[in-house]
Amino acid sequence: MTSAEFFPHRHLLGIAGLQPHEIMFLLDEAEQWVALNRQSSKHDDRLAGLTQINAFFENSTRTLLSFEIAGKRLGADVVNMHIAQSSVKKGETLIDTAITLNAMRPDVIVIRHGSSGAVALIADKVDCPVLNAGDGTHEHPTQGLLDALTIRRHKGRIAGLSVAICGDILHSRVARSNIILLTNLGAQVRVVGPPTLLPPALDALGVEAFTDMDAGIAGVDVVMMLRLQNERMDGAYVPSAREYHALWGLTRERLAGAAPDALVMHPGPMNRGVEIASDVADDVNRSVIAEQVEMGVAVRMACLDVLTRGRRGR
Ligand code: NCD
């Protein structure tokens, strides 16, 4: 079978629409890059001669940096578009920006945007593969994949695990991509948070909702904490950071209610003392937060490689 048969998609806009075996294919592909990234010389030149544009219309530390590192380790010419200094600030429309980027003949474009659906809109206007690095509250597919890779490497599987995703589910594209991915691969997913931060129609997504943190994480194999996305809230969704921590923060005492070997995850950036206590975040025996970042580079290398294979005639 050729790569195109394993992964017959032009873009990676979301986890929705991917078959379980396609997700597994990307995770399997990422494993070789985990190994390469642990060597002192981290170079492969399969993307040599290709141009990768990273266009981040929203702030980012780890996602932007890891897409840049991923492209460079594969030998691509990587350019970051600096939005603050770009014509976007002069009122250029998204479509015109897309047409401009396309005219420079990139071979892959990585986009983060504050509006749900904006990345798909751009993908429609350009001639190369587009990777969604997070669009509004919609999806963040490479985050879902890197989380799944981290879980699989620790637990040996995804199917049959119980995973609690906790906190601001309503505004989280990370939660959305993870829910779709993990349920698709046969995990039991629970979402836990204040009623104001749980989206409606959770049943349709196949997850169980809890508003009580202790009940929500009881016995689970993975506890995934999320940041309160204050920048996406247009009012008061939670009483105060202090009260939020008391009711929904992950503390050592609370974590004791999960499975004894439960993994603690967080996509970052963390708000220590709000959704997660520092001693839990820093507990090397439980927290895999730094490893999630490491897996991010490998997963993004896999996605860049797989999506550009057609252009490289492979
Ligand atoms: C997340 C994001 O931007 O969606 N961060 C990330 O990519 N690792 C989550 C967040 O901002 O809280």
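Worth saying up front: this structure is predicted, and the values here are computed from it rather than measured. Hydrogens, waters and symmetry mates are skipped; everything else that's a heavy atom, side chains included, is used. Whatever order the structure lists them in is the order used to number ligands and atoms, beginning at 1. Position 1 is the first residue of the sequence, and the numbers go up from there.
Residue contacts with ligand 1, taken as heavy atom pairs separated by less than 4.0 Å, do not involve Leu226 at all.
Distances from ligand 1 to the non-hydrogen atoms of Arg112 include at least one value under 4.0 Å. Taking a 4.0 Å cut-off on heavy atoms, Gly296 fails to register as neighbouring ligand 1.
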- Passes side-chain contact (heavy atoms from CB on, under 4.5 Å), Arg153 versus Val288? Steps please. CA-CA 11 Å; Arg153 286 174 64 90; Val288 292; over 6 Å; no

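For the residues Arg173, Gln292, Arg176, His140, the heavy atom positioned nearest atom 3 (O) of ligand 1 is part of Arg173.
Classification of Arg46 and Glu29 as a salt-bridged pair fails, no side-chain N sitting under 4.0 Å from a carboxylate O. Ion pair Arg105/Asp127 not flagged as a salt bridge, since none of the NZ, NE, NH1 or NH2 atoms sits closer than 4.0 Å to an Asp/Glu carboxylate oxygen.
Checked against a 3.5 angstrom limit, the closest N/O atoms of Pro267 and ligand 1 fall inside it. In terms of polar-atom proximity, defined here as any N/O pair under 3.5 Å, Gln229 does make such a contact with ligand 1. Considering backbone and side-chain N/O of Gly268, one or more are found under 3.5 Å from N/O of ligand 1.
By the 30° and 60° cut-offs, the orientation of the rings of Phe25 relative to Phe6 is parallel.
Screening Asn59, Asn54, Thr63, Asn132 against Arg112 for a side-chain hydrogen bond (donor to acceptor under 3.5 Å, both in side chains) leaves a single residue, Thr63.
If you number the atoms of ligand 1 from 1 as listed, the ones under 4.0 Å from a heavy atom of Val174 come out as 1 (C), 4 (O), 9 (C). Below 4.0 Å from some heavy atom of Thr63 lie the following atoms of ligand 1, by number and element: 6 (C), 7 (O).
A side-chain N or O of Arg312 and one of Thr308 form a donor-acceptor pair less than 3.5 Å apart. Looking at Arg232 and Thr137, their side chains never bring a donor and an acceptor atom within 3.5 Å of each other.
Scanning the protein heavy atoms around atom 11 (O) of ligand 1, the nearest turns out to be Arg227 NH2, 2.9 Å.
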